[in-house]
Amino acid sequence: MDNIANNIADNNQVRVRIAPSPSGNLHVGTARTALFNYLFAKKNNGKFVLRIEDTDLERSNVEYVKNIYDSLKALGLNWDEGPDVGGPYGPYQQSDRFDIYPKYAQKLIESGHAYECFCTQEELEAEKEESIKNKTAHKYSGKCRCLPKEEQEKLRAEGRKPSIRFQVPDEGITKFDDMVKGELKFENNLIGDFVIMKSNGTPTYNFAVVVDDMEMKISHIIRGEDHISNTAKQVLIYEALGVPVPLFGHLGMILAPDRSKLSKRHGATAVSEFVEKGYLTEALINFIALLGWSPSDGQEIKSLDEIAQDFRINEVSSSNSIFEYDKLNWMNGQYIKKMDIKELTQKVKPYLSNYDLSASSELSEANLEKIVEITREPITILSDLTESVKYFFGKDVEYENDVKETVINTEGSQKVLQYAVNELENWDFNNEEKFHDQLGELRNYFKEQGIKPKDTMWALRAATTGRTHGADMVATLIILGKERVAHRIKAAIQ
RNA sequence: GCUCCCAUCGUCUAGUGGCCUAGGACACAUCCCUUUCACGGAUGCGACAGGGGUUCGACUCCCCUUGGGAGUACCA
């Protein structure tokens with residue numbers, strides 16, 4: 001791990017990147033990779049680069065590019081260089097870089113590290129099937145390695161478009177020192193000659209990344225461990241190109257509770273989906289940071305900046321971790337509880353679209369804030385509020401479940417409500433403290449008559465909110481206002 | 001099939017040979033607080049996958065087994 005520090009001390013600037021391909025919305029797994037890169041950059045005064053890998057034009061979509069931007073920004077993972085903000089080593093979108101890959105491929109051909117391959121799809125598949133039949137590891141045979149010039153030209157004349165393959169050494173070991181996993185090695189003879197330029201003239205992933213990372217002077221590559229086997233190929237390319245190999249760090253994967261890849265059937269997978277469900281990006285990013293990393297002081301709730309200060313890539317866990325909602329939910333609740341009330345109110349508005357929030361309704365902005373303030377505590381996701389806030393709207397209440405039978409229509413409750421109707425005029429809706437005491441007196445009055453304080457309050461709560469539990473009663477009644485409270489209590493009396 | 005990675009409470013993790021009768025967080029249970037739900041507080045439940053070594057001493061190092069994951073494309 002010493003070389004991590006050395007590389008930095010060397011005055012080589014730390015440059016990391018996140019390179020998503022826009023074939024879907026930003027996945028939480030990608031978000032975590034982005035996060036760890038971001039943290040590493042921040043911790044080491046480096047640069048965080050965003051590169052859009054859209055070489056697969058068929059699967060790429062501009063809509064997803066926008067989603068990637070928006071999600072990353074929402075998470076606070078701001079990049080220093082990228083397609084939108086530019087930078088010294090652009091362009092930062094691979095589709096704008098198509099003209100630079102062939103030169104490097106050519107260079108590799110000239111130096112004997114690559115060759116044109118005229119094999120057809122069918123020939124390749126036949127080879128593969130053969131090796132499956134023989135139960136041997138399948139890798140490309142390398143039969144185009146030494147095609148004579150004349151043969152090449154003949155096939156070209158026939159209209160065959162060659163791909164370009166990297167010529168992997170037959171012997172030797174390719175190894176690299178992984179920042180999180182330690183030394184990793186692969187035997188070269190197990191790696192088949194792989195395509196670097198497709199026959200359509202576009203680069204393959206393994207080639208494009210190397211060229212881009214090299215040109216963008218990326219010093220450290222932090223990514224998911226699903227790339228480990230690619231790394232061997234990429235190291236080979238760096239070496240063939242005669243350029244310094246960056247340092248790699250491979251993170252464990254994020255798995256669903258059933259230990260399979262986190263996918264749609266497990267619920268939300270994209271950052272934007274979590275946001276839509278009502279998760280705060282602050283909580284999401286905090287939660288994700290805890291998957292594989294842990295704070296040195298044991299304090300788990302931390303801002304991005306705090307995490308960055310405490311972050312050490314070599315302390316990241318190298319095993320997979322399971323994405324469980326329990327802790328995310330708890331954490332989201334913590335953030336909701338602490339969030340600035342004005343900000344929270346704004347964030348909550350989309351979940352209140354069922355209700356009349358126009359100025360003419362009884363709901364002023366100030367009232368809405370109060371409602372959010374008193375109902376925020378028990379909720380774990382923003383969308384919970386839609387339901388828990390329901391009884392603040394409209395003149396009448398809807399009774400939940402069997403509230404009418406089990407609470408309102410009981411003898412005790414009816415007594416309380418009848419009494420309350422008369423008492424109502426005296427209640428001070430403008431003075432919370434006084435109102436609180438008045439309700440206390442009400443409880444005491446009925447306590448003497450053998451009605452438990454709890455039941456007294458339940459009668460009131462059920463009548464005014466239709467439920468047996470909810471926010472603080474005094475605050476609730478004040479927001480409802482004397483008129484509506486009176487109306488609802490009267491409606492509850494048989 | 002082949003290659004590679006990983007392995008501590010249900011989950012996220014602390015632990016880098018003796019500080020470990022293995023610590024914290026979430027979840028769960030009980031209790032306290034309280035007009036309800038919650039929040040908060042207290043307590044409890046709960047793990048070193050198995051087997052061999054190495055060592056005076058292994059959760060920590062090595063090997064094997066088992067289990068999980070990844071890769072094996074002219075996808076990224």
Checklist entry - Partner of B/G46 by Watson-Crick or G-U wobble geometry, both contacts under 3.5 Å, or none? => result none

Checklist entry - A/Asp472 or A/Asp226: which one's nearest nucleotide on RNA chain B is closer to the 5' end? => result A/Asp472

Checklist outcome for this item: Pairing partner of B/C59, by Watson-Crick or G-U wobble and under 3.5 Å for both distances, is none

Checklist entry - How would you label the contact of A/Ile191 with the nucleic acid (heavy atoms, under 4.0 Å): base, sugar-phosphate, or nothing? => result nothing

Checklist outcome for this item: Side-chain atoms of A/Glu377 come closest, of B/C6, B/A38, B/A70, to B/A38

Next on the checklist: Measuring centre to centre across the rings, with the benzene-like ring taken for any Trp, is A/Phe194 within less than 6.0 Å of A/Phe207?
Outcome noted: no

Item to check | G-U wobble or Watson-Crick pairing nucleotide for B/C31 (cut-off 3.5 Å, both distances) | outcome: B/G41

Checklist entry - Can you tell me if the side-chain N/O atoms of A/Ser294 get under 4.0 Å from OP1 or OP2 in B/A14? => result yes

Next on the checklist: Considering every strand and a 4.0 Å limit on heavy-atom distances, what is the contact class for A/Asp54: base, sugar-phosphate, or nothing?
Outcome noted: nothing

Checklist entry - Rounding to the closest angstrom, what is the interatomic distance between B/A29 and B/C20 at atom P? => result 31 Å

Item to check | For B/C4, the Watson-Crick or wobble counterpart (both distances under 3.5 Å) | outcome: B/G69

Item to check | Interatomic distance at P, B/C63 relative to B/A22, whole Å | outcome: 28 Å

Checklist entry - Whom does B/A25 pair with, Watson-Crick or G-U wobble, provided both distances fall under 3.5 Å? => result B/U11

Next on the checklist: Check the phosphate of B/G69 against A/Ser319, side-chain N and O only, distance under 4.0 Å to OP1 or OP2. Yes or no?
Outcome noted: no

Next on the checklist: Is there a side-chain contact between A/Gln334 and the phosphate of B/G40, meaning an N or O under 4.0 Å from OP1 or OP2?
Outcome noted: yes

Checklist entry - Are any of A/Ser229's side-chain N or O atoms less than 4.0 Å away from OP1 or OP2 of B/A70? => result no

Checklist entry - Whole Å only: how far is the CG atom of A/Leu284 from the C1' atom of B/C12? => result 15 Å

Checklist entry - What does A/Gly470 touch in the nucleic acid at a heavy-atom separation under 4.0 angstrom: a base, only the sugar-phosphate, or nothing? => result base

Next on the checklist: Side chains of A/Asn230 and A/Tyr205 only: does a donor on one sit below 3.5 Å from an acceptor on the other?
Outcome noted: no

Checklist entry - Just checking A/Ser318: base, sugar-phosphate only, or nothing, at a heavy-atom cut-off of under 4.0 Å? => result sugar-phosphate

Checklist entry - Which is true for A/Cys119 with a 4.0 Å heavy-atom rule: it touches a base, it touches only sugar-phosphate, or it touches nothing? => result base

Checklist entry - Please give, in whole Å, the distance from B/G24 C1' to A/Ile301 CD1? => result 14 Å

Checklist entry - What integer distance in Å separates A/Asp310:CG from B/A14:P? => result 12 Å

Checklist entry - Is the NZ or CZ atom of A/Arg165 both under 6.0 Å from the centre of the six-membered ring of A/Tyr140 and within 45° of that ring's axis? => result yes

Item to check | A/Tyr279: which of A/Asn332, A/Asn329, A/Thr380 passes side chain to side chain donor-acceptor pair (under 3.5 Å) | outcome: A/Asn329

Checklist outcome for this item: Of A/Thr468 and A/Lys185, the one whose closest nucleotide on RNA chain B sits nearer the 5' end is A/Lys185

Next on the checklist: Nearest to the A/His227 side chain among B/A76, B/C12, B/G69, which nucleotide is it?
Outcome noted: B/A76

Checklist entry - What is the nucleic acid contact for A/Ser321, judged by heavy atoms within less than 4.0 Å: base, sugar-phosphate only, or nothing? => result sugar-phosphate

Next on the checklist: Below the 4.0 Å mark, does B/A73 have OP1 or OP2 next to a side-chain nitrogen or oxygen of A/Lys128?
Outcome noted: yes

Next on the checklist: Taking any heavy-atom pair under 4.0 Å as a contact, classify A/Thr202: base, sugar-phosphate, or nothing.
Outcome noted: nothing

Checklist entry - A/Phe446 ring centre to A/Arg443 NZ or CZ under 6.0 Å, with the angle to the axis within 45°? => result no

Checklist entry - How far, in whole Å, is B/G23 from B/C5 if one measures between their P atoms? => result 32 Å

Next on the checklist: A cation-pi test, strictly: NZ or CZ of A/Lys482 under 6.0 Å from the centre of the six-membered ring of A/Phe429 and no more than 45 degrees from its axis. Yes or no?
Outcome noted: no

Item to check | Separation of atom OH in A/Tyr140 from atom C1' in B/U3, rounded to whole Å | outcome: 21 Å

Next on the checklist: What contact category does A/Gly440 fall into here, base, sugar-phosphate, or nothing, at under 4.0 angstrom with non-hydrogen atoms?
Outcome noted: nothing

Checklist entry - For B/A76, does OP1 or OP2 lie under 4.0 Å from any side-chain N or O of A/Lys198? => result yes

Checklist entry - Counting distance only, does the side-chain N/O of A/Glu282 pair as donor-acceptor with the main-chain N or O of A/Tyr335 below 3.5 Å? => result no

Item to check | Presence of A/Arg259 side-chain N/O under 4.0 Å of B/G69 phosphate oxygens OP1/OP2 | outcome: no

Checklist entry - For A/Phe287, which contact category applies under a 4.0 Å heavy-atom criterion: base, sugar-phosphate, or nothing? => result nothing

Checklist entry - For A/Lys337, which contact category applies under a 4.0 Å heavy-atom criterion: base, sugar-phosphate, or nothing? => result sugar-phosphate

Next on the checklist: For B/U36 and A/Arg467 - does any side-chain N or O of the residue sit under 4.0 Å from the phosphate oxygens OP1/OP2?
Outcome noted: no

